[in-house]
Amino acid sequence: MTRIVAAPLTAAAFAPFGDVLEASGEPDKIINQGQCGRYHDLAGLDFSDGRAGISLFHANPRHLPYRLDMVERHPAGSQAFIPMTHQPFLVIVAPDVDGRPGQPLAFVTAPGQGVNYRRGTWHGVLTPLHDPGLFAVVDRIGEGANLEEVWFDEPYEVVAS
Ligand SMILES: NC(=O)N[C@@H](O)C(=O)O
Ligand code: NI
């Protein structure tokens with residue numbers, strides 16, 4: 001199997017695929033009588049139709065090395081995964097090459113980081129690395145198909161850096 005080394009997630013490296021959500025550095029605004037910092041408008045929600053919805057995913061944790069068999073994408077909407085624990089999780093994306101996924105990339109988030117996949121971005125399914133794998137998910141609620149899956153002829157092996 002072709003090996004993919006998971007790198008620490010950074011906004012710069014993830015920029016072609018979407019947004020990194022994190023409360024780092026100085027907040028954009030101090031609110032609530034000085035008791036709260038607001039990190040404002042961190043991700044772009046984008047839906048070709050339907051509406052934004054918030055769901056909770058409770059996913060089984062995976063372990064590295066991780067066998068990557070498939071990536072998927074949502075042509076009609078962005079999809080954000082916001083951990084409800086302070087645990088890192090595995091993020092897998094791939095560039096689009098003529099309508100098919102190219103060479104995947106893997107990242108491990110820092111505790112507290114979330115991601116927002118841009119509409120149509122190839123990505124692996126939610127892969128927590130710790131229990132509970134509990135996430136808030138902001139994505140499209142609407143009629144019709146919004147899921148394309150590509151199963152690789154040869155799986156990849158995602159390993160820790
Ligand atoms: N299918 C579904 O709701 N989840 C996937 O989109 C995923 O990215 O985990
Ligand atoms: Ni998805």
Side-chain angles (χ1 to χ4, degrees), residues 1-2 4-11 13-22 41-160:
M1 284 189 277
T2 302
I4 299 170
V5 178
L9 180 67
T10 66
F14 195 72
F17 306 102
D19 313 286
V20 173
L21 304 166
E22 60 184 333
D41 194 18
L42 298 179
L45 302 186
D46 175 18
F47 307 106
S48 58
D49 58 16
R51 59 177 174 82
I54 301 177
S55 305
L56 295 182
F57 282 26
H58 191 172
N60 294 328
R62 305 330 195 267
H63 303 283
L64 296 177
Y66 171 70
R67 177 188 169 112
L68 176 67
D69 293 298
M70 178 272 283
V71 290
E72 59 169 49
R73 66 178 174 181
H74 309 295
S78 54
Q79 187 175 48
F81 289 92
I82 303 162
M84 298 184 76
T85 66
H86 207 62
Q87 297 286 9
F89 64 105
L90 182 62
V91 173
I92 295 168
V93 289
D96 184 62
V97 179
D98 303 327
R100 300 273 299 174
Q103 171 74 24
L105 297 87
F107 301 96
V108 175
T109 66
Q113 283 182 324
V115 292
N116 178 53
Y117 296 122
R118 189 164 294 122
R119 177 157 69 101
T121 294
W122 293 109
H123 59 279
V125 299
L126 177 58
T127 39
L129 294 173
H130 300 270
D131 221 3
L134 187 61
F135 291 74
V137 178
V138 182
D139 62 2
R140 172 189 175 267
I141 308 296
E143 299 300 314
N146 184 31
L147 176 62
E148 286 179 37
E149 295 178 337
V150 170
W151 293 80
F152 297 116
D153 296 334
E154 284 295 319
Y156 292 87
E157 182 185 48
V158 181
V159 298

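Counting starts at 1 for both ligands and their atoms, following the listed order. Here the structure is a predicted model, which is why all the values come from computation and not from measurement.
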Does ligand 1 have any N/O atom under 3.5 Å from a protein N/O, and what are those pairs and their distances?
| unit_1 | atom_1 | unit_2 | atom_2 | d |
| --- | --- | --- | --- | --- |
| ligand 1 | 6 (O) | Glu72 | OE2 | 2.5 |
| ligand 1 | 6 (O) | His74 | NE2 | 2.9 |
| ligand 1 | 6 (O) | Gln79 | OE1 | 3.2 |
| ligand 1 | 6 (O) | Gln79 | NE2 | 3.1 |
| ligand 1 | 8 (O) | Glu72 | OE2 | 3.0 |
| ligand 1 | 8 (O) | Gln79 | OE1 | 3.0 |
| ligand 1 | 8 (O) | His123 | NE2 | 3.1 |
| ligand 1 | 9 (O) | Leu126 | N | 3.0 |

Whether Tyr156 and Phe152 hold their rings parallel, tilted or perpendicular, with breakpoints at 30° and 60°: perpendicular
Nearest atoms (heavy-atom pairs only) where Leu90 meets Ala6: CD1-CB, 4.2 Å
Donor-acceptor contact present, side-chain Asn116 to main-chain Gly44, <3.5 Å: yes
Rounded distance (nearest 0.5 Å) linking atom CZ of Arg140 with atom CG of Leu45: 14.0 Å
Test applied, ring-ring contact (aromatic ring centres under 6.0 Å, His included); reference residue, Phe89; option that passes from Phe107, Phe81, Phe135, Tyr66: Phe135
Verdict with reasoning, Asp96 to Arg73, per side-chain contact (heavy atoms from CB on, under 4.5 Å): CA-CA 10 Å; Asp96 184 62; Arg73 66 178 174 181; 3.1 Å; yes
Nearest heavy-atom neighbours spanning Gly53 and Ile141: CA-CG1, 3.5 Å
Close side-chain approach of Gln87 and Pro128, heavy atoms under 4.5 Å: no
Interatomic distance, Ile54 atom CD1 to Ile82 atom CD1 [nearest 0.5 angstrom]: 7.5 Å
Every N, O or S from the protein that is nearer than 2.8 Å to the Ni ion (ligand 2): Glu72 OE2, His74 NE2, Gln79 OE1, His123 NE2
